[in-house]
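Here you go, one structure.
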Number of protein chains: 2
Amino acid sequence: MKNTTPPAGRRSSALTHERVVGAAIDLLDAEGEGGLTFRALAAALETGHGAIQWHVANKTELLRAATSATVSRAVGTRDSNAAPNEAIRALALNVFDVMDAHPWLGRQLTGSPWQPSMLFLFELIGREIQQICPRRETQFTAASAVLTYIIGAGGRETANAQAPEATGDRLDLLDTMASFWENLNDEDYRFTRTMGEPLRTHDDRDVFLAGVDLIVAGTMHDRAPAAV
Amino acid sequence: MKNTTPPAGRRSSALTHERVVGAAIDLLDAEGEGGLTFRALAAALETGHGAIQWHVANKTELLRAATSATVSRAVGTRDSNAAPNEAIRALALNVFDVMDAHPWLGRQLTGSPWQPSMLFLFELIGREIQQICPRRETQFTAASAVLTYIIGAGGRETANAQAPEATGDRLDLLDTMASFWENLNDEDYRFTRTMGEPLRTHDDRDVFLAGVDLIVAGTMHDRAPAAV
DNA sequence: ACCTGAACACCGTTCAAGT
DNA sequence: ACCTGAACACCGTTCAAGT
């Protein structure tokens, strides 16, 4: 039911590294991180679970491969004619959407930092930052900050969506949460109490993009490093 | 060896929620996330593992309690006389250091987003943001962005430190990595290739703080939301 | 070279039974 | 109310054995 891409020429017994990773992604999407098991994978691929471990040694290696494939598949094509800040926005949104579509990506990307996928994103971000500010140290800082923010925000978003409370309607949940905020005690939460309405009416992608804009804007106004 | 805080008055058999959480933190610090087991906890507390589950039902609940205790213990006292941007810097550094001292915190904080610990941090950040910009929507955006960035960066940092490659000297590792960057192929990585030197010479905390400054700076220059 | 499946050590959770 | 420990279902990993 799940092997959407049989090699079509070969018998289905041709178990390749690629097919294993593909099936792993399908399983992760359908059942979440806890659903990816060597035994479940074996069942989906109609083979023994030892067979799989001949192609993929570890579960770590399997998760890494699934992550790499998913990210590079989604961020492959880019528009090089856009203005730097627009290009960064588009890339950020791209990553945000991939993480939204594959909720298991968050823990994976935040978990092991300098995977090939991350280096690739760092490069794409950096090329745009390069056109915004001239100093190399600031470029390094800004590209790191944008990457950190994008991955962190995406992970937070999907963790939010996966939370057990998030089963019902999104608007209901936000409304409940906003009311909770507004009724916090004034002494300890005098700021959060005023954030009920923004929380209720905000759009996830807008807030996410606004955060990206803040970093980019800060980068454009950057001066000497010591003079804050 | 690990029960550093015996209640001193009571017999050691007084197993409280607090003692369980304390022992869990000790274990997490010493052995990492994988080292926290109900069986290991039972051994450390000299009891059966069923006894523990009477005080703490789930492993999820246990991790949540450990997180909450660690964060609030570390961010408790704040200096209210500092300028907003300085206060945010100090708070950010505080969080960064806690996450550095307890490397298991990263996955925990990024994993489940609106824990009490996170709400508390959101509040502290928001109080300062409030003094920087007047618009409520921007306050919400900026506070969210700073929180996301701080947690994300801390998690990335400690994931970095925990990586299997990071066993040797930090400078050696950075040097190896910088050389690797400089030798990437020019077609795909023309930006990253130029980042070898910044990577080699950067200070983790400085880069982290610089990222915080970028967001704060962007917030101060914020204008109408549509006019980017 | 590729695949099989039994075996091992370990885990979180449950639960009848004690005090 | 608090604690015990056996039992259950499940996991990743290993490995001798087949083709």
Side-chain angles (χ1 to χ4, degrees), chain A residues 2-3 6-7 9-28 30-67 104 107-108 111-112 162-164, chain B residues 2-3 6-7 9-28 30-67 104 107-108 111-112 162-164:
Chain A
K2 212 156 288 168
N3 46 353
R10 287 282 198 179
R11 299 262 325 150
S12 79
S13 59
L15 197 57
T16 62
H17 181 90
E18 218 173 20
R19 274 193 70 210
V20 172
V21 174
I25 295 180
D26 287 343
L27 226 98
L28 285 166
E31 320 258 350
E33 193 172 341
L36 178 61
T37 321
F38 278 110
R39 284 162 178 85
L41 246 186
L45 290 167
E46 290 173 335
T47 163
H49 65 261
I52 292 170
Q53 254 151 325
W54 194 91
H55 289 96
V56 190
N58 284 334
K59 189 167 187 185
T60 313
E61 187 183 320
L62 180 58
L63 278 168
R64 215 179 276 264
T67 304
W104 48 274
R107 288 188 79 84
Q108 206 49 35
S112 46
Q162 277 180 317
Chain B
K2 212 157 290 169
N3 45 353
R10 289 281 201 178
R11 299 258 330 147
S12 80
S13 59
L15 198 58
T16 63
H17 181 90
E18 218 174 20
R19 275 193 69 210
V20 173
V21 174
I25 295 179
D26 287 343
L27 221 87
L28 284 166
E31 320 258 350
E33 194 173 338
L36 178 61
T37 320
F38 278 110
R39 283 162 179 86
L41 246 187
L45 290 168
E46 290 172 336
T47 165
H49 65 263
I52 292 169
Q53 254 151 328
W54 193 91
H55 289 97
V56 190
N58 284 334
K59 189 166 187 185
T60 313
E61 187 184 320
L62 180 60
L63 278 168
R64 214 180 276 264
T67 303
W104 47 273
R107 287 187 81 84
Q108 207 50 35
S112 45
Q162 276 180 318

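Atom set for the values below is all heavy atoms of this structure, side chains included, hydrogens, waters and symmetry mates excluded. Letters A, B, ... are given to chains in the order of the sequence lines, protein chains preceding strands, and every chain is numbered from 1. Treat the numbers as computed from the prediction; the structure is a model and nothing was measured.
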(message) What's the gap between C:dA17 and D:dC2 when it is taken at their P atoms, as a whole Å value?
(response)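 That atom pair is separated by 22 Å.
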
(message) Within the structure provided, determine whether B:H49 and B:L41 are in side-chain contact (heavy-atom separation under 4.5 Å).
(response)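 With C-beta onward as the side chain, the pair stays apart.
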
(message) Measuring only between side-chain heavy atoms, which start at C-beta, is B:H55 closer than 4.5 Å to B:L15?
(response)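 Side chain of B:H55 against side chain of B:L15, heavy atoms only: contact under 4.5 Å found.
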
(request) Using modelled atom types only, decide if a donor and an acceptor are shared between the side chain of B:T16 and the backbone of B:R19 within a distance under 3.5 Å. (result)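 Looks like yes, one N/O pair under 3.5 Å.
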
(request) Round to a whole Å and report the spacing from CD1 of A:I52 to C1' of D:dT14. (result)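 Between C1' of D:dT14 and CD1 of A:I52: 16 Å.
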
(message) Distance check needed: C:dC3 P versus A:L41 CG, whole Å only.
(response) 14 Å

(message) Please report the distance, rounded to the nearest Å, between NE2 in B:H17 and C1' in D:dC3.
(response) 18 Å

(message) Within the structure provided, determine whether A:L28 and A:L63 are in side-chain contact (heavy-atom separation under 4.5 Å).
(response) yes

(message) Without decimals, in angstroms, what is the distance between A:L15 CG and C:dA1 P?
(response)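 Taking atom P of C:dA1 as the reference, CG of A:L15 is at 17 Å.
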
(request) For B:H49 and D:dA7, give me the distance from atom NE2 to atom C1', rounded to whole Å. (result)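 About 10 Å, once rounded to whole Å.
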
Identify all pairs in which a protein N or O lies below 3.5 Å from an N or O of nucleotides 8-11 of chain C, and state each distance.
residue, atom, partner, partner atom, Å
C:dC11, OP1, B:T37, OG1, 3.4

(request) Would you check if A:I25 and A:W104 make a side-chain contact, meaning some heavy-atom pair closer than 4.5 Å? (result) yes

(request) To the nearest Å, give me how far apart NE2 (A:H55) and C1' (C:dC2) are. (result) 7 Å

(request) State the pairing partner of C:dG5; accept Watson-Crick or G-U wobble contacts with both distances under 3.5 Å, and report none otherwise. (result) D:dC15

(message) Counting C-beta onward and ignoring hydrogens, is there a side-chain heavy-atom pair between B:L27 and B:T37 closer than 4.5 Å?
(response) no

(message) Just the rounded figure in Å: distance from C1' of C:dC3 to CG of A:L45.
(response) 13 Å

(request) Check the distance between D:dC2's P and B:W54's CH2 and give it to me in whole angstrom. (result) 4 Å

(message) Please determine whether the number of non-hydrogen atoms from other residues, nucleotides or ligands lying under 6.0 Å from atom CD of B:E18 exceeds 12.
(response) no

(request) State whether the side chain of A:K59 and the backbone N or O of A:F38 hold a donor-acceptor pair below 3.5 Å, judged by distance alone. (result) no

(request) Enter the distance from A:H17:NE2 to A:I52:CD1 here, rounded to the nearest 0.5 Å. (result)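 The NE2 atom of A:H17 sits 12.5 Å away from the CD1 atom of A:I52.
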
Protein and nucleotides 15-19 of chain D: nitrogen or oxygen contacts under 3.5 angstrom:
none

